[in-house]
Amino acid sequence: MANAFSERVARLNSNAGKTYQEMASDCDFKRSVTWWNKVRWNEIENPPEPGLFPYLAKALEVPQRRVAEMVAEQWCGVRPDDTVPEHLRTLLSVLREVDETDLSVMLEMAKAMYRKRVTGLERDQLSAKLLTAYVEGSEGPLTLEQLRFLRRPELYAIKNNPSVEVEPDAQAMLDALPDSGQG
């Protein structure tokens, strides 16, 4: 069973840069900085009382119901719904509180985001095929002019493929790209 509560604290602290002092302040100091630190490292054996859930929800930036679910999972070994992936549980807690008249809007938004993702994946697959054809159809090394028509993902693909030949000025442009590989 996962330590959902502690993992949420760790995520806020590491990824969002929220300090234990800020968490303590957000919960009106119903829990100390030391308590938040110990929770982060799974050193708290007893679960917080339900009366603290509204304060903890504010500090953890999740709905109160999600706090109850995380406490149940971490300290009682009970998961609210094993079919819902962890990364969607906070969203599901928020959606439970949406007015029924707004659910159709939320559904359309989710469908639009899904279509955007699918379209992006399809575009990237086609892009990879076109890039292969582009490189294979080229006579000699790729020129700077040819590279100017490519998007960043294709440029990174060429930069990271030692078998693709490019002219020196084109190589200089590729070398100038950041090493992250994220366009």
Side-chain angles (χ1 to χ4, degrees), residues 1-23 36-37 39-42 59-63 66 69-70 73-74 79-96 98 102-183:
M1 202 55 52
N3 292 325
F5 196 96
S6 294
E7 288 170 6
R8 177 67 184 168
V9 171
R11 236 184 343 270
L12 282 172
N13 182 249
S14 300
N15 298 347
K18 190 169 188 176
T19 66
Y20 303 133
Q21 178 68 34
E22 291 169 321
M23 291 179 206
W36 286 103
N37 185 39
V39 166
R40 162 54 170 107
W41 298 107
N42 301 308
L60 295 174
E61 301 173 7
V62 297
R66 182 66 186 128
E69 292 171 350
M70 290 187 297
E73 185 173 339
Q74 180 157 332
R79 291 179 77 168
D81 185 353
D82 286 337
T83 63
V84 177
E86 177 64 33
H87 70 282
L88 295 178
R89 289 191 187 154
T90 298
L91 177 62
L92 184 59
S93 294
V94 171
L95 288 175
R96 283 186 175 117
V98 171
D102 296 326
L103 287 178
S104 62
V105 174
M106 299 300 293
L107 182 59
E108 287 305 311
M109 286 175 51
K111 285 179 182 179
M113 287 184 267
Y114 169 77
R115 285 190 298 268
K116 177 184 170 189
R117 177 161 166 70
V118 168
T119 301
L121 291 172
E122 290 171 347
R123 181 203 62 219
D124 291 346
Q125 288 174 344
L126 288 172
S127 178
K129 289 178 183 177
L130 288 171
L131 179 61
T132 300
Y134 188 67
V135 170
E136 289 174 356
S138 173
E139 295 183 19
L142 293 175
T143 65
L144 182 60
E145 190 61 32
Q146 288 173 307
L147 294 185
R148 286 194 177 144
F149 291 105
L150 301 177
R151 297 178 318 126
R152 279 201 167 222
E154 287 96 12
L155 293 172
Y156 279 108
I158 290 172
K159 177 181 180 177
N160 296 322
N161 186 344
S163 67
V164 177
E165 293 182 42
V166 293
E167 290 183 350
D169 55 344
Q171 186 63 51
M173 183 188 81
L174 293 174
D175 290 341
L177 292 172
D179 287 333
S180 68
Q182 303 297 324

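Quantities reported herein were computed from a predicted structural model and do not represent experimental measurements.
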Original post:
Can you name the nearest heavy-atom pair linking S6 to R40, along with the distance?
Top reply: CB-O, 4.2 Å
Subject >> Test salt bridge (Lys or Arg N to Asp or Glu O under 4.0 Å) applied to R151 - qualifying residues, sequence neighbours left out >> reply: D124, E154
Original post:
Are any of the side-chain heavy atoms of Q146 and V166 separated by less than 4.5 Å?
Top reply: no
Original post:
CZ of R8 to CG of N3: how many Å apart, nearest 0.5 Å?
Top reply: 15.5 Å
Subject >> Distance (rounded to the nearest 0.5 Å) between L131 CG and L155 CG >> reply: 9.0 Å
Subject >> Results of side-chain contact (heavy atoms from CB on, under 4.5 Å) for N15 - residues two or more places apart only >> reply: R11
Original post:
Can you tell me how far CE of M23 sits from CD of Q21, rounded to the nearest 0.5 angstrom?
Top reply: 11.0 Å
**OP:** Please report the shortest heavy-atom distance between A170 and L144, naming the atom on each side.
**Re:** CB-N, 3.7 Å
Original post:
Applying salt bridge (Lys or Arg N to Asp or Glu O under 4.0 Å), which residue pairs with at least one partner in residues 159-173 are found, sequence neighbours left out?
Top reply: K159-D179
Original post:
Is it true that a side-chain atom of Q74 and a backbone atom of F5 form a donor plus acceptor pair closer than 3.5 Å?
Top reply: yes
**OP:** State, with a plain yes or no, whether a side-chain heavy atom of V9 is found less than 4.5 Å away from one of Y20.
**Re:** yes
**OP:** With sequence neighbours left out, write down each residue that passes side-chain contact (heavy atoms from CB on, under 4.5 Å) with E145, or none if nothing qualifies.
**Re:** T143, R148, F149
Subject >> Nearest-0.5 Å distance that lies between atom OG1 in T90 and atom CE in M70 >> reply: 6.5 Å
Original post:
Rounded to the nearest 0.5 Å, how far does CG of L60 lie from CZ of R66?
Top reply: 10.0 Å
Original post:
Under the salt bridge (Lys or Arg N to Asp or Glu O under 4.0 Å) test, which residues partner E61, sequence neighbours left out?
Top reply: K18
Subject >> Donor-acceptor pair, side chain of N161 and main chain of A157, under 3.5 angstrom >> reply: no
Original post:
Is any side-chain heavy atom of P178 less than 4.5 Å from a side-chain heavy atom of R152?
Top reply: yes
Original post:
Which value, rounded to the nearest 0.5 Å, describes the distance between K129 atom NZ and Q125 atom CD?
Top reply: 6.5 Å
Identify each donor-acceptor pair in which a side-chain atom of residues 103-121 lies under 3.5 Å from a protein atom, sequence neighbours left out, and give them as a table.
| unit_1 | atom_1 | unit_2 | atom_2 | d |
| --- | --- | --- | --- | --- |
| T119 | OG1 | R115 | O | 2.7 |

Original post:
Any side-chain heavy atom of L177 sitting closer than 4.5 Å to one from L174?
Top reply: yes
